[in-house]
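Each chain gets a letter, A, B and so on, in the order the sequences are listed, and its residues count up from 1. Just so we're clear, the structure is a prediction, and the values are computed from it rather than from any experiment.
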Protein chains: 2
Amino acid sequence: MASQRGEGETTATPLEPADRERARAIPEAAVARLAVYLRVLSGMADQGVTAVSSEELSQAAGVNAAKLRKDLSYIGSYGTRGVGYDVEVLVSHIERILGLTRNHSVAVVGIGNLGHALANYGGFPGRGFPVTALFDVDADLIGVPVGGIPVSHIDDITAVCLEREVSIGVIATPPPAAQSVCDRLVSAGVQCILNFAPVVLQVPDNVEVRKVDLAVEMQILSFHVARRADEAASVSAGIVSAGNNGLGVDGMVIRP
Amino acid sequence: MASQRGEGETTATPLEPADRERARAIPEAAVARLAVYLRVLSGMADQGVTAVSSEELSQAAGVNAAKLRKDLSYIGSYGTRGVGYDVEVLVSHIERILGLTRNHSVAVVGIGNLGHALANYGGFPGRGFPVTALFDVDADLIGVPVGGIPVSHIDDITAVCLEREVSIGVIATPPPAAQSVCDRLVSAGVQCILNFAPVVLQVPDNVEVRKVDLAVEMQILSFHVARRADEAASVSAGIVSAGNNGLGVDGMVIRP
DNA sequence: TACCGCTTGTGAACGCATGCACAAAGTCGG
DNA sequence: CCGACTTTGTGCATGCGTTCACAAGCGGTA
């Protein structure tokens, strides 16, 4: 772990003390939205847009305008009253806060269907996240290049991750292997993990895990399908909920 | 509340009037967790476990025990004080509330890397979500079976979706195509959409959209990497935040 | 320069979700 | 049958996040 990391100010990512305290205070939900704003803003910049108001940007991002302004205020005051925000300025500040000024090397573990898809994503979404290592257990895969990177054996995970300074590990293995893979990533010094396996990972406090769970997403949708179907049944039976929340009682269009 | 009124039990998905009102009231966050509990419980059932306490289950699911009990209370009182919960009973009640008693036919649009991976997921995570239709624009793909299902042309989306009673649409197209595909799905009567494209979709109120955004996930992780690196820098430079919020001043373990 | 209209930034209220703490309710042993 | 122990279900307080509403501030205009 004796790489560039240690000596604070000499490295890249120069975050001012004021920004540092701000970064600490940004709510997780706001961080997620900042990433969305960034994408929208980048798109605007590509189209030659130079300035934008909170109203326009919030619509494009699908959020409330006040919320957007508050989110932006977490990272500082970079707007101009009466005018709006400068797109370039906003982009660069959000990138800085999100730590996108530095590259984050990514390792994908588990080169099945999903692993292939991830490895081939090419430059990885939004760039700045180069995939530099792939791992699997299958002997037939070892050494085979996928998306330009040869697959390594999972037993070499520590050495390879350290060597290539992997900062984000992506777990795309079958469920039973996930915890073990996670442990290995952690002992290789990886502190951020994106988990696609439908498993609740146990990790030390200093490791950040985010999970993408297809089954859960599907089931949440299923819940809504069921709720809708059920409401429709109620309506067709002439039942109307007495305790209606104030969402507007207008006849929501429901197909027979 | 006048919950007795429910005379309309003639349709499928027999949700009691009492349950119906409960379903309406379950917080979204709790729904997501219920899906997780369900998976953990299913695993336990497979291993022959018949009873479980909130403490055990909450640990396995990685949540607070009180929160778990509250979540379960949203769907009714199916535990036994002094004993715990019957695994089978809990499983069946959660499945019922999540609408998993009925199959939800899934259509995948965009058969690129990700689309392939999704189509091949086989029975789809957690079963109950059969993929019954695939769509793309690429002429070379039309008719080719992927994961056992032949790919249809996207222009046939309305007819095919209606015919196969698709209730969930999955968008795995490149960003520029996403909104158009979404519109077509909606006009085909699909009311639930899972969106993998990094685009903010505009939909009518009666359509439920969930989005899985890799770029956003990566950037959130990046934010945490940056924050950590920065904290480490602060510590090594002997800087300690003065205006600390009351989170506890204990020295959080940070590796050198 | 002084005014006017527009948009930001934020204080304050509200609402939802989380976590605590305890009464209710059940089991088990004697 | 009773009392001790265990675990659920939930009222309540706390904290976080969202939303509203408005003062502050800036550019444009006369």
| query | Roughly how many Å is it from CD in Glu28(A) to C1' in dT18(C), rounded to a whole number? | reply |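 After rounding, the gap between these two atoms is 16 Å.
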| Within this structure, what is the CG-to-C1' distance between Leu34(B) and dA17(C), rounded to whole angstrom? |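 Those two atoms, CG and C1', are 14 Å apart.
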Every protein N/O within reach of nucleotides 11-15 of chain C N/O, cut-off under 3.5 Å:
{"unit_1": "dG11(C)", "atom_1": "O6", "unit_2": "Lys70(A)", "atom_2": "NZ", "d": "3.3"}
{"unit_1": "dA12(C)", "atom_1": "N6", "unit_2": "Lys70(A)", "atom_2": "NZ", "d": "3.2"}

Would you please name every residue forming a side chain to side chain contact (heavy atoms under 4.5 Å, CB included) with [X], sequence neighbours left out?
X: Asn64(B); answer: Ala66(B), Lys67(B)
X: Pro175(A); answer: Pro198(A), Val199(A)
X: Val49(B); answer: Met44(B), Val87(B)
X: Ala30(A); answer: Ile26(A), Pro27(A), Arg33(A), Asp71(A), Tyr74(A)

| Quick one: ring pair (Phe, Tyr, Trp, His ring centres under 6.0 Å) partners of His224(A), sequence neighbours excluded? | none
| field | Position toward the 5' end of DNA chain D (nearest nucleotide), Arg33(A) or Glu55(B) | value | Glu55(B)
| message | Quick check on contacts: within residues 57-69 of chain B, what sits under 4.0 Å from DNA chain C by heavy-atom distance? | response |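 Contacts with DNA chain C under 4.0 Å: Asn64(B), Ala66(B), Lys67(B), Arg69(B).
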| query | When every nucleotide of nucleotides 25-30 of chain D is labelled 5' to 3' by its protein contacts under 4.0 Å (heavy atoms), B for base, S for sugar-phosphate only, - for none, what sequence of letters results? | reply | BBS---
| Just how large is the angle between the end axes of the helix from dT1(C)-dA30(D) to dG30(C)-dC1(D), five pairs per end, to 10 degrees? | 0°
Can you name the residues that form a salt bridge (charged side-chain N to carboxylate O under 4.0 Å, His left out) with [X], not counting sequence neighbours?
X: Glu56(B); answer: none
X: Glu95(B); answer: none
X: Arg184(A); answer: Asp155(A)

| Nearest non-hydrogen partners of Ile193(B) and Cys182(B), listed with the distance |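 Looks like CD1-SG, 3.8 Å.
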| said: Quick check on dT8(C): is either OP1 or OP2 less than 4.0 Å from any side-chain nitrogen or oxygen of Ser54(A)? | reply: yes
